[in-house]
Amino acid sequence: MEALLCRKLGDPTVSLEDNNSPIVLSKNHPIPQLDSPTAVRVRIKATSLNFANYLQILGKYQEKPSLPFIPGSDFSGFVDAVGPKVSNFRVGDAVCSFAALGSFAQFIVVDQSQLFRVPQGCDLVAAGALAVAFGTSHVALVHRAQLSSGQVLLVLGAAGGVGLAAVQIGKACGAIVIAVARGAEKVQLLKSLGVDHVVDLGNENVTQSIKQFLQARRLKGIDVLYDPVGGKLTKESLRLLKWGAHILIIGFASGEIPVIPANIALVKNWTVHGLYWGSYKIHRPGVLEDSLKELLSWLARGLISIHISHSYPLSEAYLAFSAIKDRKVIGKVMIVFDEKPTRSKL
């Protein structure tokens, strides 16, 4: 089978034809065999690139697998083979899931307990982008912050994969959603999703714009801050939080880890949540299972949608990583097998 191998740590945006590339395309990698009676082999249709995958190949992610490894986490596809004690799935079923590693390949083997059936009517490629981005935002907003109808949600980095997921989940929960992004195309997409107020970082002052919106709506401040960005933008946003606000620390796409003053958190009764979604698989797997089942239901009912701005074949994975590195992605970038690639106009 075809598989993308990370043989050393480095920049995955380097062309695969360059000897300096940390990733190589293996065209005759062994197809994984069923390793237990309840194992299922999936022929992958689509797999999503997440910022975490990019950081992992750079060697800057919290989990550092032994080399060489096949990167990749969330995926969708069709059941190709089942173990003798598999009762929930049959060959040909459309499924999706996530793994710690291994989805940047034509086949992957997982236990049946980790697979989710893709409902009829759901786009299979879209389902391959659901688990990590929407799962992260759903667990953060619903499980941790317990976002409720009428609360004010501020989403930073709102046009990225987790950001677009967060604004949609916020609207599904009945929240008043404020989004921060950069560029007219991203702003237009966010408005089309029903976001109540969008701030364009390119030509607006974040604090001033949001304060004006809050005053016009007679709102006291932000109830929940969803922050995958970090840096100066976090510091600015803290000024807008009301008493008792929840702060969701999702990541640091800016490259800068912010400081949240403990004395202000004390006085204002803020709750700061660190959210490392992947660790739930170890510590609270039931939360992830319930979350993904609800998200698949929402996807089937049209309550959420997955915007895919780029898709590439496995042989062009370095271009997919470049799109993430250069912040050209609006929503998700995918590796799709047996399908023509699509590219954003950005």
Side-chain angles (χ1 to χ4, degrees), residues 134 136-160 162-182 186-254 256-275 291 298 303-304:
F134 277 81
T136 295
S137 297
H138 186 269
V139 170
L141 293 171
V142 177
H143 178 68
R144 297 294 289 277
Q146 298 181 349
L147 182 69
S148 59
S149 180
Q151 288 191 315
V152 182
L153 167 65
L154 173 57
V155 180
L156 308 182
V162 294
L164 273 183
V167 299
Q168 292 188 65
I169 291 167
K171 294 303 295 183
C173 291
I176 298 165
V177 179
I178 301 171
V180 178
R182 186 185 299 273
K186 295 177 180 179
V187 168
Q188 183 179 359
L189 175 61
L190 288 162
K191 287 181 177 179
S192 75
L193 293 173
V195 173
D196 298 274
H197 182 65
V198 185
V199 183
D200 187 345
L201 275 174
N203 54 34
E204 291 183 89
N205 179 280
V206 173
T207 304
Q208 184 179 351
S209 177
I210 294 176
K211 278 185 175 180
Q212 288 175 351
F213 171 78
L214 293 172
Q215 289 170 0
R217 288 283 194 99
R218 296 183 179 179
L219 298 166
K220 294 181 179 179
I222 305 299
D223 293 289
V224 178
L225 170 62
Y226 183 95
D227 182 12
V229 177
K232 295 179 181 177
L233 197 53
T234 303
K235 187 176 180 180
E236 278 191 70
S237 301
L238 295 179
R239 301 170 186 165
L240 302 164
L241 303 186
K242 65 192 295 187
W243 184 95
H246 291 261
I247 302 169
L248 293 162
I249 306 300
I250 308 300
F252 315 106
S254 68
E256 297 179 30
I257 298 175
V259 174
I260 298 174
N263 59 327
I264 299 177
L266 182 152
V267 172
K268 293 199 172 184
N269 277 35
W270 288 342
T271 302
V272 182
H273 303 270
L275 196 285
S291 172
W298 287 4
L303 294 177
I304 56 174

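- Looking at S209 and H197, their side chains come closer than 4.5 Å, going by heavy atoms from C-beta outward.
- To the nearest 0.5 Å, atoms CD1 (I222) and CD (Q151) are separated by 11.0 Å.
- In this structure, D196 contributes its side chain and I178 its backbone to no donor-acceptor pair below 3.5 Å.
- Using a 4.5 Å heavy-atom threshold, the side chains of V180 and L154 count as touching.
- Going from atom CD1 of I250 over to atom OG of S137 covers 6.5 Å, rounded to the nearest 0.5 Å.
- The main-chain N or O of G274 is found under 3.5 Å from a side-chain atom of R144 such that the two form a donor-acceptor pair.
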Side chain to side chain contact (heavy atoms under 4.5 Å, CB included) evaluation trace for I260 with I249: CA-CA 10 Å; I260 298 174; I249 306 300; 3.8 Å; yes
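- The two residues E204 and V198 have their closest heavy-atom pair at OE2-O, 3.8 Å.
- When every heavy atom of G150 is checked against every heavy atom of I176, the shortest pair comes out as O-CD1, 3.8 Å.
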Working for side chain to side chain contact (heavy atoms under 4.5 Å, CB included), residues K171 and L193: CA-CA 9 Å; K171 294 303 295 183; L193 293 173; over 6 Å; no
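- Across every non-hydrogen atom of L153 and A175, the tightest pair is CB-CB, 4.4 Å.
- In this structure, the side chains of L275 and Y226 stay at 4.5 Å or more apart for every pair of heavy atoms.
- Here the side chains of Q168 and W298 are not in contact, with every heavy-atom distance at 4.5 Å or above.
- By the 4.5 Å heavy-atom criterion applied to side chains, L156 and L225 are counted as neighbours.
- A 4.5 Å side-chain heavy-atom check between D227 and I247 finds every atom pair outside the cut-off.
- Using a 4.5 Å heavy-atom threshold, the side chains of S192 and L189 count as touching.
- Taking every heavy atom of both residues into account, A179 and V167 meet most closely at CB-CG1, 4.2 Å.
- For the residue pair A145 and L248, the shortest heavy atom distance occurs at CB-CD1, 4.0 Å.
- One distance of note links SG of C173 with NE2 of H138; it measures 6.5 Å at 0.5 Å rounding.
- Smallest separation of non-hydrogen atoms from A181 and L190: CB-CD1, 3.7 Å.
- The CG atom of D200 sits 12.5 Å away from atom CG of N205, with the distance rounded to the nearest 0.5 Å.
- With rounding to the nearest 0.5 angstrom, the CG atom of N263 is 11.0 Å from the NZ atom of K268.
- Between H273 and H246, the ring planes are parallel. Angles under 30° get that label, and only those over 60° would be called perpendicular.
- Side-chain contact between F213 and V199: absent, with no pair of heavy atoms (C-beta onward) separated by less than 4.5 Å.
- The distance from the CD1 atom of I264 to the CZ atom of R239 is 10.0 Å, given to the nearest 0.5 Å.
- With W270 contributing its side chain and K242 its backbone, the two residues share a donor-acceptor pair below 3.5 Å.
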